[in-house]
**Student:** 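Okay, handing you the structure first.
The analysis underlying the following values was restricted to heavy atoms, covering all of them including side chains, and did not include hydrogens, waters or symmetry mates. Model, not experiment: these values are computed from the prediction.
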Amino acid sequence: MQTSFKNNKKEKSETMGYLAQRKKHFRTDFILKSLLFLLAFFSLAAFSGTVFGQFLSQWRFQFYLLSLLVMFYALFSRFFFYSFLAMLLFLLNFFVVSSSVPVFFSGGAGQGKTAFSLVYHPRPSSALDIAETVVRQQVDLLAIIDPVANGISLSRLVPEGRYSAGNAHSGSFMVSARSPHSAGRIDLGDERSAIFMRLQIGDRNYVFLSFDLSAMSRRKKEKALNYINTFVAAEDDPVIIFGNFGMTAWDPVFGKFLADNGLETKNDLFSFFSNLLTPPTEYIVGYRNLEFVDSRRLLRLGHSSSPFAVRLKI
């Protein structure tokens, strides 16, 4: 009787273990199927020109990362076919993103080139904050975009030995460690403009252009980029653009912008850890031989948005 009871208990335990394994198998199968279906739907829908497709397109990089995680999860769970499907989605999203912006670090040694540093600071919130930024950031070029001046003339904040260009009385302006050959503004429509400065580095001139399109509608951004392209096409000197485009680099509008002017995005997606969570819209765009060294986010110091610093080899 005791032996029979032990056998029944063992059989019951094996049956329960088998059922638990089956339940786990079905649960894993359901999770993988759901994730793959959603990833496939979102990845393909992002190719459409609809508003929904344009929204999904901003999250291509996150789809790429999620596909990678799903691929490894399927491998670990021994669902090899699902792992293969996840790999296809991973490659699809990777190629879309990497064709527009370097995914991994793209900097180089830059031997024989001149080091150049710049800071982009959009919408500083007070004259005191602007003064701190101008004085604190001793870089080659500083772009102050749409500052809140409160009627204060910002030209007085520029320290001796530095050169300002743009509307330093009430609007966007640049501060340079080099004397500019020329400077000006480009009307972008919707009461917004871009500022530029022409600087000599080595034995030739370079044009640095900065703006913030983040507050504009999609159609107005497209028009603004067309104005920028007209400016770039008329320039004999290499143009380096840094600013907030208000869209990801793999957005079709951004892609058309690059195709028209022949420039390339330079900063990689891993410049900031936050890029893993939210797609960046601030980019450095320049000619093919321009080398991106690194970038870092600076302290906000009470500003409405954080400035970021970039190092280049020119």
**Student:** Hey, could you give me the CD1/CG distance between I241 and L209, rounded to the nearest 0.5 Å?
**Tutor:** 5.0 Å
**Student:** In terms of relative ring orientation, are F52 and F55 parallel, tilted or perpendicular, with 30° and 60° separating the classes?
**Tutor:**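 Parallel.
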**Student:** How far apart are the C-alpha atoms of F30 and S34, what are their side-chain angles, what is the distance that settles it, and do they pass the side-chain contact (heavy atoms from CB on, under 4.5 Å) test?
**Tutor:** CA-CA 6 Å; F30 175 76; S34 300; 3.7 Å; yes
**Student:** Parallel under 30°, tilted from 30 to 60°, perpendicular over 60°: which one fits the rings of F254 and Y283?
**Tutor:**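 Taking Y283 first and then F254, their aromatic rings stand perpendicular (interplane angle over 60°).
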**Student:** For a 4.5 angstrom cut-off between non-hydrogen side-chain atoms, does M216 reach L213?
**Tutor:** yes
**Student:** Hey, what's the ring geometry for F196 with F231, parallel, tilted or perpendicular (30° and 60° as the breaks)?
**Tutor:**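 Rings of F196 and F231: tilted, as their planes differ by 30° to 60°.
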**Student:** Any side-chain heavy atom of V70 within less than 4.5 Å of one from L32?
**Tutor:**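 Yes, their side chains come closer than 4.5 Å.
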**Student:** Backbone N or O of F257 within a donor-acceptor pair of the N261 side chain at under 3.5 Å?
**Tutor:**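 Yes: the side chain of N261 pairs with the backbone of F257.
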**Student:** Less than 4.5 Å apart, any side-chain heavy atom of Q200 and any of D237?
**Tutor:**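 Heavy-atom side-chain distance check fails, nothing below 4.5 Å.
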**Student:** State yes or no: do L35 and L69 share one hydrophobic cluster built from I, L, V, M, F, W and Y residues joined by side-chain heavy-atom distances below 4.5 Å, directly or via other members?
**Tutor:** no
**Student:** Measure from the side-chain N and O atoms of S43 to the backbone N and O of A40, and report whether any donor-acceptor pair falls under 3.5 Å.
**Tutor:** no
**Student:** Taking all non-hydrogen atoms of both residues into account, name the closest pair between S210 and I145 and its distance.
**Tutor:**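 That closest heavy-atom pairing would be OG-CD1, 3.6 Å.
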**Student:** Just checking, R60 and F90: is the charged tip under 6.0 Å from the six-membered ring centre and within 45° of the axis?
**Tutor:**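 Verdict for F90: no cation-pi partner in R60.
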**Student:** Kindly indicate whether the side chain of Y120, heavy atoms from C-beta on, has any atom under 4.5 Å from the side chain of P307.
**Tutor:**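 No - every pair of side-chain heavy atoms lies 4.5 Å or more apart.
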**Student:** With heavy-atom distances below 4.5 Å as the criterion, would you say the side chains of L188 and I228 are in contact?
**Tutor:**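 L188 vs I228: side chains touch.
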**Student:** Using a strict cut-off of less than 4.0 Å between a Lys/Arg side-chain nitrogen and an Asp/Glu carboxylate oxygen, indicate whether R192 and D146 qualify as a salt bridge.
**Tutor:** yes
**Student:** Taking the side chain as C-beta and beyond, is there a heavy-atom pair between F211 and I186 under 4.5 Å?
**Tutor:**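 No, every pair of side-chain atoms sits at 4.5 Å or beyond.
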**Student:** Quick test of your reading of the model: are E291 and R311 salt-bridged, counting only N-O distances below 4.0 Å?
**Tutor:**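 Salt bridge absent between E291 and R311.
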**Student:** What distance separates T230 OG1 from N226 CG, expressed to the nearest 0.5 Å?
**Tutor:** 6.5 Å
**Student:** Run the side-chain contact (heavy atoms from CB on, under 4.5 Å) test on I284 and T265 for me, step by step, so that the C-alpha distance in whole Å, both residues' side-chain angles and the decisive distance to 0.1 Å come before the verdict.
**Tutor:** CA-CA 6 Å; I284 311 299; T265 52; over 6 Å; no
**Student:** Check for a donor-acceptor pair, side chain of S57 on one end and backbone N or O of G53 on the other, with a separation under 3.5 Å.
**Tutor:** no
**Student:** Less than 4.5 Å apart, any side-chain heavy atom of F245 and any of V285?
**Tutor:**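 Yes. Closest side-chain heavy atoms under 4.5 Å.
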**Student:** Check whether more than 12 heavy atoms from other residues, nucleotides or ligands sit under 6.0 Å from atom CZ of F47, and answer yes or no.
**Tutor:**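 Atom CZ in F47 is crowded, with more than 12 foreign heavy atoms closer than 6.0 Å.
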**Student:** How about F208 and F116: are their ring centres within less than 6.0 Å of each other?
**Tutor:**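 Yes; F116 has its ring centre under 6.0 Å from that of F208.
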**Student:** Within the 3.5 Å criterion, strictly below it, is a donor on S295 or N267 matched to an acceptor on the partner's side chain?
**Tutor:**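 Note: S295 and N267 side chains miss the donor-acceptor criterion.
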**Student:** So, do V97 and L269 sit near enough that their side-chain heavy atoms are less than 4.5 Å apart?
**Tutor:**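 Yes, at least one pair of side-chain atoms sits under 4.5 Å.
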**Student:** Quick check against the 3.5 Å criterion: does R185 have a side-chain atom that pairs as donor or acceptor with the backbone of S172?
**Tutor:**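 Present.
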**Student:** Give a yes or no on whether L85 and L38 share a hydrophobic cluster (residues Ile, Leu, Val, Met, Phe, Trp, Tyr; joining criterion: side-chain heavy atoms under 4.5 Å apart).
**Tutor:**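 Yes, same cluster.
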**Student:** Among V101, L66, N93, V103, which residue satisfies the side chain to side chain contact (heavy atoms under 4.5 Å, CB included) criterion with F61?
**Tutor:**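 The passing option is V103.
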**Student:** Table please: side-chain donor-acceptor pairs of residues 71-81 below 3.5 Å, with sequence neighbours left out.
**Tutor:**
from	atom 1	to	atom 2	distance (Å)
S77	OG	Y73	O	3.0

**Student:** Should we count CZ of R219 as having more than 12 external heavy atoms under 6.0 Å?
**Tutor:**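 No, because the 6.0 Å sphere around CZ of R219 holds 12 heavy atoms or fewer from other groups.
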**Student:** Begin from the C-alpha positions of M197 and V175 and carry the test side-chain contact (heavy atoms from CB on, under 4.5 Å) through to its verdict.
**Tutor:** CA-CA 9 Å; M197 185 181 282; V175 179; over 6 Å; no
**Student:** Can L118 and V139 be said to form a side-chain contact (heavy atoms from CB on, under 4.5 Å), step by step?
**Tutor:** CA-CA 6 Å; L118 55 88; V139 293; 5.7 Å; no
**Student:** Can you tell me if S117 and D140 form a side-chain donor-acceptor pair at under 3.5 Å?
**Tutor:** yes
**Student:** Quick test of your reading of the model: are K266 and E264 salt-bridged, counting only N-O distances below 4.0 Å?
**Tutor:**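 Counted as a salt bridge, because a side-chain N and a carboxylate O are separated by less than 4.0 Å.
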**Student:** Answer yes or no: is there an ion pair linking D29 with K24, defined by an N-O contact shorter than 4.0 Å?
**Tutor:** no
